[in-house]
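Below is one structure, written out as structure tokens, with a few remarks after it.
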Amino acid sequence: MFTGIVTDIGRVADLRVEGDTVLTIATAYAPDSIDLGASIACSGVCLTVTERGANEGGNWFRVAASAETLSKTTLSGWQVGSRINLERALRLGDELGGHLMLGHVDGIARLVSVTPEGDSHRLVVQAPADLARYVAPKGSVCLDGISLTLNAVEDRPDGTAHFGINIVGHTWTHTTLADRRPGDGLNMEIDVLARYVARLTARD
């Protein structure tokens, strides 16, 4: 499990298709601190470490992504050089700084607009129609592995929903959000509590 607090911005150093897509990700994490088989959230996608090491280019770890993962996330658009948000899995006793997340992407949201507001930025994001009912004002959402709080939510005639998020300066500079432009896709994971409440409500 994760909390959506990004602890490093990694970079895709190598990408190969070998049945699955194999990615080598450059990181500031020390190789000896990464266990083989460990889970790392890569822009919100939980991936399993298969190798790790260091070379003249710095520290790195390697993961594999299946065709299913490529079809459900923005990972299919990653290229060598792409920057990605990284978070290691929680350990018992770690601070829950964001909200509990599973690293299972539910769909791809779209960035609608970015507006500077003082030292912050206001983002408007479109949730796809099948996830629109899970977003609510003051609720939580995970976008590209970042735990965020929703402000206003507007239901749209096409069944989608637009929601606003205020991004403070620290989050803007310590994640990849500053790289995003209107129209870009964002890996979206809904709040796990909203998921179960919706399921229970549907059964009543």
Side-chain angles (χ1 to χ4, degrees), residues 2-31 33-34 36 38-89 98 101-114 121 123-128 131 141-148 165 167-189:
F2 308 92
T3 65
I5 304 300
V6 174
T7 53
D8 184 30
I9 296 180
R11 179 180 55 81
V12 177
D14 185 61
L15 187 155
R16 290 172 283 138
V17 178
E18 301 175 349
D20 288 338
T21 297
V22 178
L23 300 106
T24 302
I25 299 174
T27 180
Y29 299 153
S33 72
I34 304 173
L36 293 179
S39 295
I40 295 180
C42 299
S43 285
V45 184
C46 179
L47 297 173
T48 301
V49 175
T50 59
E51 298 179 62
R52 74 279 198 263
N55 54 32
E56 63 278 1
N59 304 334
W60 57 269
F61 65 89
R62 190 163 289 143
V63 294
S66 67
E68 172 73 7
T69 299
L70 294 177
S71 70
K72 301 295 185 184
T73 70
T74 63
L75 197 151
S76 60
W78 292 1
Q79 304 173 6
V80 172
S82 293
R83 300 198 320 149
I84 54 178
N85 298 315
L86 300 179
E87 180 189 359
R88 302 209 275 197
M101 302 181 329
L102 304 176
H104 301 160
V105 173
D106 293 296
I108 297 177
R110 293 287 168 189
L111 182 59
V112 176
S113 64
V114 180
H121 290 78
L123 275 56
V124 175
V125 178
Q126 182 182 57
L131 301 181
V141 69
C142 173
L143 295 176
D144 276 358
I146 309 163
S147 173
L148 298 165
I165 297 172
I167 307 298
V168 298
H170 178 87
T171 302
W172 188 252
T173 58
H174 287 78
T175 71
T176 62
L177 285 177
D179 300 344
R180 302 290 170 256
R181 299 293 180 267
D184 285 353
L186 302 166
N187 292 320
M188 179 175 175
E189 180 183 335

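The chain is numbered in sequence order, starting from 1.
Here L111 contributes atom CG and D184 contributes atom CG; the two are 6.5 Å apart, rounded to the nearest 0.5 Å. Here the straight-line distance linking atom CG of L143 with atom CD1 of I108 works out to 12.0 Å at 0.5 Å rounding. Atoms CZ and CG, from R52 and N59 in turn, are 11.5 Å apart once rounded to the nearest 0.5 Å. The distance from the CD1 atom of I5 to the CZ atom of R88 is 15.5 Å, given to the nearest 0.5 Å. Expressed to the nearest 0.5 Å, how far CG of L102 lies from OG of S39 amounts to 11.0 Å. Atoms CG and OG1, from N187 and T74 in turn, are 3.5 Å apart once rounded to the nearest 0.5 Å.
A distance-only check finds no donor-acceptor pair linking the side chain of T69 to the backbone of A65 [under 3.5 Å]. A donor-acceptor pair under 3.5 Å links the side-chain atoms of E87 to the main chain of T3, judged by distance alone. For the pair R110 (side chain) and Q126 (backbone), a donor-acceptor distance under 3.5 Å is absent.
Side-chain atoms of V114 and V124, non-hydrogen and from C-beta on, never get closer than 4.5 Å to each other. Side-chain contact check for V63 versus I40: every heavy-atom pair is 4.5 Å or farther apart. You'll find the side chain of L15 reaches within 4.5 Å of the side chain of T21, heavy atoms only. Looking only at side-chain heavy atoms (C-beta outward), I25 and I84 come within less than 4.5 Å of each other. Contact annotation: the side chain of L86 never approaches that of I9 to less than 4.5 Å [non-hydrogen atoms, C-beta and beyond].
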Problem set entry | V168 vs W172, side chain to side chain contact (heavy atoms under 4.5 Å, CB included): CA-CA, chis, key distance, verdict | CA-CA 6 Å; V168 298; W172 188 252; over 6 Å; no
For this session: Please lay out, stage by stage, how V125 and V112 fare under the test side chain to side chain contact (heavy atoms under 4.5 Å, CB included).
Result: CA-CA 5 Å; V125 178; V112 176; 5.8 Å; no
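What you find for M188 and A109 is that their closest heavy atoms are SD-CB, 3.9 Å. Taking all atoms of both residues into account, the shortest heavy-atom contact from W60 to G58 is CD1-O, 3.7 Å. Nearest heavy atom pair, residue S113 against residue P182, reads CA-CG, 4.2 Å.
Counting only residues at least two apart or in different chains, salt bridge (Lys or Arg N to Asp or Glu O under 4.0 Å) contacts with residues 63-83 comprise R83-D179. Residue pairs meeting the salt bridge (Lys or Arg N to Asp or Glu O under 4.0 Å) criterion with at least one partner in residues 9-29, sequence neighbours excluded, are D14-R16, R16-E18.
Remark: Q79 engages no residue in a side chain to side chain donor-acceptor pair (under 3.5 Å) (not counting sequence neighbours). In this view, H104 satisfies the ring-ring contact (aromatic ring centres under 6.0 Å, His included) rule with no residue, not counting sequence neighbours. Residues satisfying the side chain to side chain donor-acceptor pair (under 3.5 Å) criterion with T27, sequence neighbours excluded, are D8.
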Sequence neighbours excluded and cut-off under 3.5 Å, please list the side-chain donor-acceptor pairs for residues 42-50, or say none.
| residue | atom | partner | partner atom | Å |
| --- | --- | --- | --- | --- |
| S43 | OG | N85 | N | 3.1 |
| T50 | OG1 | R62 | O | 3.2 |

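Of the listed residues (D144, I146, T171), just one forms a side chain to side chain contact (heavy atoms under 4.5 Å, CB included) with V6, and that residue is I146.
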